[in-house]
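The structure appears below as structure tokens.
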Amino acid sequence: MLTGKPMTKTTELEALVWQCVSAIPEGQIATYGQIAHLAGMPQQARLVGRILSRLPPDTRLPWHRVVNSRGEVSNPNLLLQCGRLKEDGISVDRNRVSLRLYQWQP
DNA sequence: TGTTTGACGGACA
DNA sequence: CTGTCCGCCAAAC
């Protein structure tokens, strides 16, 4: 880690979240709560959302594969995320995807 | 220092 | 299906 920032608890969790998100296969999706759970912090889906909101715009992390528990795109930039999901071969209808069809089962 | 805000979630009406 | 309520918590005010 050469961030210069102190290794606080949240930055450690941040790295864990990044790792979980990067593991989501193309063509599949995960929920914020699911990532929170995988990262060992169940019940803190909100924190996952905040961590993703801080990602640099040029990141390679497939953050677009993360949606809320109802399969809705929560990202303020709906067009970008929906577009990327479609590139992954996922059908998006009214800012929504089918969790039943695409949710990742680790 | 107290309050509000969010890329959330689950229970319930 | 829609909407309300509450738990969660770091960051921004």
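None of these values were measured; they are calculated from a predicted model. Below, chains carry the letters A, B, ... as their sequence lines are ordered, and counting in each starts from 1.
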Can you get from A:M41 to A:L55 by hopping between Ile, Leu, Val, Met, Phe, Trp and Tyr side chains that sit under 4.5 Å apart? yes
Consider only side-chain heavy atoms of I, L, V, M, F, W and Y, link residues closer than 4.5 Å, and tell whether A:L47 and A:L52 are in one cluster. yes
Using side-chain heavy atoms (C-beta onward) and a distance below 4.5 Å, is A:L99 in contact with A:I29? yes
Which residues within residues 62-70 of chain A lie with some heavy atom under 4.0 Å of an atom in DNA chain B? A:W63, A:N68, A:S69
Measure the shortest side-chain to side-chain distance between A:R65 and A:E26 over non-hydrogen atoms and say whether it is less than 4.5 angstrom. yes
Contacting residues from residues 97-106 of chain A, given that a heavy atom lies under 4.0 angstrom of DNA chain B: none
Any side-chain heavy-atom pair of A:D88 and A:Q28 under 4.5 Å: no
Applying side chain to side chain contact (heavy atoms under 4.5 Å, CB included), can you list everything that pairs with A:A45, at least two apart in sequence or on another chain? A:Y32
Hey, is the main chain of A:W18 close enough, under 3.5 Å, to the side chain of A:S22 for a donor-acceptor pair? yes
Between which nucleotides of DNA chain B, 5' to 3', does chain A make heavy-atom contacts below 4.0 Å? B:dG6 to B:dG10
Just to verify, what does A:E72 make a side-chain hydrogen bond (donor to acceptor under 3.5 Å, both in side chains) with, not counting sequence neighbours? A:N68
May I ask whether A:V92 and A:V67 are part of the same hydrophobic cluster, defined by side-chain heavy atoms of I, L, V, M, F, W, Y residues being less than 4.5 angstrom apart, directly or through others? yes
Under the criterion side-chain contact (heavy atoms from CB on, under 4.5 Å), I'd like the reasoning laid out for A:I51 against A:V21: C-alpha separation, chi angles, the key distance, then a yes or no. CA-CA 11 Å; A:I51 290 172; A:V21 173; over 6 Å; no
Based on Watson-Crick and G-U pairs with both distances under 3.5 Å, what dot-bracket line describes DNA chain B 5' to 3', crossing pairs as [ ] and inter-strand pairs as |? .|||||.||||||
Report the distance from atom CD of A:E14 to atom CD of A:Q19, rounding to the nearest 0.5 Å. 13.5 Å
In whole Å, what is the span from the CG atom of A:L13 to the P atom of C:dA11? 11 Å
Tabulate below the donor-acceptor pairs under 3.5 Å that side-chain atoms of residues 76-85 of chain A make, not counting sequence neighbours, or state none.
from: A:N77; atom 1: OD1; to: A:L80; atom 2: N; distance (Å): 3.1
from: A:Q81; atom 1: NE2; to: A:H64; atom 2: O; distance (Å): 2.9
from: A:Q81; atom 1: NE2; to: A:V66; atom 2: O; distance (Å): 2.9

Determine the interatomic distance between C1' on C:dG7 and the same-named atom on B:dG6; round to the nearest Å. 14 Å
Which pairs, with at least one residue in residues 95-106 of chain A and sequence neighbours excluded, count as a side-chain hydrogen bond (donor to acceptor under 3.5 Å, both in side chains)? A:Q34-A:Q103, A:S91-A:Y102
Can you tell me the distance, in whole Å, between the CG atom of A:D93 and the P atom of C:dC1? 11 Å
Please name all residues satisfying side chain to side chain contact (heavy atoms under 4.5 Å, CB included) with A:R46, sequence neighbours left out, ordered by chain then number. none
What parts of residues 23-43 of chain A reach DNA chain B, counting only heavy atoms under 4.0 Å away? A:T31, A:Y32, A:G33
Heavy-atom closest contact (A:A39 atom, A:L13 atom, distance): O-CD2, 4.3 Å
Sugar-phosphate only, base, or nothing, as touched by A:R84 at under 4.0 Å among non-hydrogen atoms: nothing
Same-atom distance (P) from B:dA7 to C:dC6, integer angstrom: 22 Å
Separation between the P atoms of C:dC5 and B:dT4, rounded to whole Å: 16 Å
